[in-house]
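Encoded as structure tokens, the structure appears first; notes follow it.
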Amino acid sequence: MPAYPFDEIEPKWQRYWAEHHTFRTPEDVDPDAEKCYVLDMFPYPSGAGLHVGHPEGYTATDIVARYKRMQGVNVLHPMGWDAFGLPAEQYAVKTGTHPRDTTERNIANFRSQLKRLGFSYDWEREINTTDPDYYKWTQWIFLKLHERGLAYQAEVPVWWCEELGTVLANEEVIDGKSERGGYPCERVPMRQWILKITDYAERLLEGLDDLDWPDSTKQMQRNWIGRSEGATVRFPLANHTEELEVFTTRPDTLFGATYMVLAPEHPLVDEVTTEEHADAVSEYRQQAQKKSELERTELQKEKTGVPTGGYAINPVNGKEIPIWVADYVLASYGTGAIMAVPGQDERDWAFAEKYNLPIVRTVQPPEDFDGDAYTGDGPAINSGFLNGLDVDTAKDRITDWLEEHGHGEATINYKLRDWLFSRQRYWGEPFPIIHVEGEAKPVPTNDLPVELPAIDSYNEILEQDAALSPLGALDDWVATTDPQTGQPARRETNTMPQWAGSCWYFLRFIDPHNDEQLVDPEKEAYWMPVDLYVGGAEHAVLHLLYARFWHKVLYDAGVVSTQEPFQTLVHQGLILGETEYTAYVDADGAYVSAEHVDEGTDTRTGTDVSPQPVEQEDIQKDDDYFVLMAHPEIRVDARSHKMSKSRGNVVNPDDVIDEYGADALRLYEMFMGPLEQVKPWSTSDVDGVYRFLGRVWRLIIDAQGDTQVVGEAPNREQLRVLHETIQKVTDDIESLSFNTAIAKMMEFVNAANKWDAVPQAIAEPFVKLLSPFAPHIAEELWARLDHAESIAHADWPEFAEEHLKREVVEVAVQVNGTVRGTIEVAPDAPEADALSTARADDNVARYLDDGTVRREIYVPGRIINFVVN
RNA sequence: GCGAAAGUGGCGGAAUUGGUAGACGCGCGAGGUUUAGGACCUCGUGCCCGUUAGGGCGUGGGGGUUCGAGUCCCCCCUUUCGCACCA
């Protein structure tokens, strides 16, 4: 039998909320009324359904939304589906199932799972990025980008992933493998749509300053944008008219440039290569091209390169310096070419040493410097007119000189590259573009949306041989006419990447059914920016950078009123599986202590060992290590792992709800620890919060199921306990410290259980405090306390200072910093009184008698310390 | 290698400006209650010594500042997460 009837009351209140539109967002609000836009990163509805990580962030935002609502704030708290994407299409490729069918099924599953958790979303604002009424506006925004010159097509080397059958953005490829799925990718040149995010690099960087985001996330974005100040320097080429342009952050070291390096892909390689070196260079380039990005990084210890035989002329001293080709220079950064200054650059030093290239120091290292390249500050040497200047001054001086002589200028460079925006997939937003006589023309906005062609089954596409893009196989759809000229035209057959829909969905929630505008400007001005945005740290760069970029474009286009979309951002920490204890055994079945094991082998013998799970009962702690109880000399590993199907440690929220109820699950997820921290799941710990809810229930409901609160006025202690709880819970919600808020409510219940009876005037405010955390039980208790209206819009309790006061407090008495006793005095007791009470304590007196009191420290209500010797 | 964050009982975790370390929960122990319980209630629970009173030691390690340090400063170790030839 459950400790309280959660299985009845949870569905009951979920029905009530839906029928009464309890969480409908206020319409036609007073523009001056306080608002709070509380947003979760909307999920991709995967086939696997919800995992326990989802409700973590969702519960946090739900608590804030419910709390703000009770404070009379207008709250927007919506939910939707980021439903375009590769998994549904990969499933379609395998089974022929239309991605729309898969997606609809998954959404239905996600929705019902979410509803079981009792979140206070305004479900009437649910959006779905695959809905033509939604992606009409995604396409509309693309046209804005196009109109503003921020979307262009180019033949560029892109990451092609054979397995996924599409190209991917740089950001989606990690170490030469796709971010999703980990499939190998290769660089191939293809004609693609590209968004000019680099035009916004500076603003994307500056905008970070005023955001209330985790520092680490801001830092990651800064690193990704990668601003660096330096100079462009143009080196004339010996025997050629062209110049070789490089970017350097150290123009002050120009006199020390002893060779040049071109990336293998650099367009001038053929120009500068002499006949004598042509074969070697061409072979090197082929080798470099074959290397995957992974191999390049793996082989980074050893730099390689070949001379071209060509020479450049150092503009500052007229010296001829050799030009090399080496793949330690990246084609995609700067100009794809560098001036190498081994004296002040460790990479160049390593290369110069290997190939016996000259090294000239142009900064005087300190006397005790014994390294190779010196990258620190110091006076310039061997540098003509720069000699004696410190690095910063020398940079300024040489930059001026370059500008005066037309050899270069100050330059700011960014690591950020333009955003590869097209994918060769069916299940994405079609581009609102037609091609007429080879020219890309935008589809007029009143012809939007350009809908995905209807197909009965994905097999229709599979059966056709669509070389690159599935849409290209559908001739009826591709062939169209230019609405302006009537000429025959072909539709763009690429689709947009999954990021597109999530770049602006927070705007659509504000006005989800508007078919005239993306969002009504008045409503947008009221609700934006998002006041609290909660989602995983895995989106620290991609989604959050792309969305900021689009938002700034929309701001420039006058569509939105704020420069930044998300004012406050919080990442919920990952929830790991239950802690696992692992012992290791060798081939003979003998235990191998964990400190000798590294990646499945015994480091002493090199033989394989196999992991063996151990129950917690068979483990003990010996100093800093866990060991087997039966073999204390054998250490075992104790750690929690990321939940995964393959490891079999996934916890399904539905199972937890079946056993403990949604309120307990919500409460546990918040009680585990700080929201932003990584935390291991522990099902036995769910018992703790579940028991707490049972105690809350029995505090107010007796064994017969009747309400048992009393009408009497509360006493001083009851008021103090209540008001301390109000204060703590309120403060903790504001700071998102939900774990300590719950601990305080537990303390309240522990205290209240000792009372003979609970006054209604105490029970009611407490139920309100509990309601954002455990809304179902709170609604039920609220109703049983004789309220006809939902607690969702009841007034949040306020604490009164007068009830927090204590008559006496316990003060620790230390002698020489060690506590020797405690005394009870008024919190504001005069020093003389407090000290004499302290001296009167028997144990304190013992220590005072041992010497002379040299000093007395008294912090009222806190501590007394006697310094004695 | 570079950057950031974090190391507190058997476990998850608490601790305003430096002021009684271990709130709250799990687990464990004792008792009560119940036909029974993996239900519920009460008490105890950092480690060591001591029957009690009390004492010693304790927030990754070492040093320092202070009447007083989990908290501040310096050095080191470990873990996690980013980035990784960006000129």
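Below, chain A is the first sequence line, B the second, and so on; all start at residue 1. Hydrogens, waters and symmetry mates play no part in the numbers below; they use all other heavy atoms, side chains included. Computed from a predicted structure; not experimentally measured.
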In residues 813-822 of chain A, what donor-acceptor pairs under 3.5 Å come from side-chain atoms, sequence neighbours left out?
{"residue": "A:Asn816", "atom": "OD1", "partner": "A:Val868", "partner atom": "N", "Å": "2.8"}
{"residue": "A:Asn816", "atom": "ND2", "partner": "A:Val868", "partner atom": "O", "Å": "3.1"}
{"residue": "A:Arg820", "atom": "NH1", "partner": "A:Tyr847", "partner atom": "OH", "Å": "3.1"}

Exercise. Describe the nucleic acid contact of A:Lys218 in one word from base, sugar-phosphate, nothing, applying a heavy-atom distance below 4.0 Å.
Key: nothing

Exercise. For A:Tyr333, enumerate each residue passing the ring pair (Phe, Tyr, Trp, His ring centres under 6.0 Å) test, keeping only those at least two apart in sequence or located in another chain.
Key: none

Quiz prompt | Listed partners of A:Arg854 passing salt bridge (Lys or Arg N to Asp or Glu O under 4.0 Å), at least two apart | solution = none

Quiz item: Would A:Lys728 and A:Glu747 pass as an ion pair if we require N to O under 4.0 Å?
Solution: no

Exercise. Spell out protein contact along nucleotides 8-18 of chain B as letters: B when the base is contacted, S when just the sugar-phosphate is, - when no protein heavy atom is under 4.0 Å; keep the 5' to 3' order.
Key: --SSBSS-BB-

Self-check item: Backbone N/O of A:Lys395 and side chain of A:Asp252: donor-acceptor pair under 3.5 Å
Solution: no

Quiz item: Do A:Tyr581 and A:Phe626 have their ring centres less than 6.0 Å from each other?
Solution: yes

Practice problem: Please check if any side-chain donor atom of A:Thr304 sits under 3.5 Å from a side-chain acceptor atom of A:Tyr328, or the reverse. | Solution: no

Quiz prompt | Base-contact (B) and sugar-phosphate-only (S) positions in nucleotides 48-69 of chain B, heavy-atom cut-off under 4.0 Å, - elsewhere | solution = ------SSS----------BS-

Quiz prompt | Spacing between A:Phe692 atom CZ and B:C41 atom P, to the nearest angstrom | solution = 13 Å

Quiz prompt | Nearest-angstrom distance, C1' atom, B:G10 to B:U65 | solution = 35 Å

Quiz prompt | Any-strand Watson-Crick or G-U partner of B:A5, both distances under 3.5 Å | solution = B:U79

Quiz item: Under a 3.5 Å cut-off for both distances, is B:G12 Watson-Crick or wobble paired, and to whom?
Solution: B:C24

Quiz item: Regarding A:Ser640 and A:Glu578, is there a side-chain donor-to-acceptor distance under 3.5 Å anywhere?
Solution: no

Quiz prompt | Pairwise C1' distance for B:G9 and B:G29, with rounding to whole Å | solution = 16 Å

Quiz item: Looking at the angle O4'-C1'-N9-C4 for a purine or O4'-C1'-N1-C2 for a pyrimidine, is B:G9 syn or anti, with syn meaning within 90° of 0?
Solution: syn

Restricting both atoms to N or O, compile the protein contacts to nucleotides 2-5 of chain B shorter than 3.5 Å, with distance only.
none

Quiz prompt | Touch class at under 4.0 angstrom, heavy-atom based, for A:Arg854 against every strand present | solution = nothing

Quiz item: So does A:Lys744 reach the base of B:C24 with its side chain, donor to acceptor, closer than 3.5 Å?
Solution: no

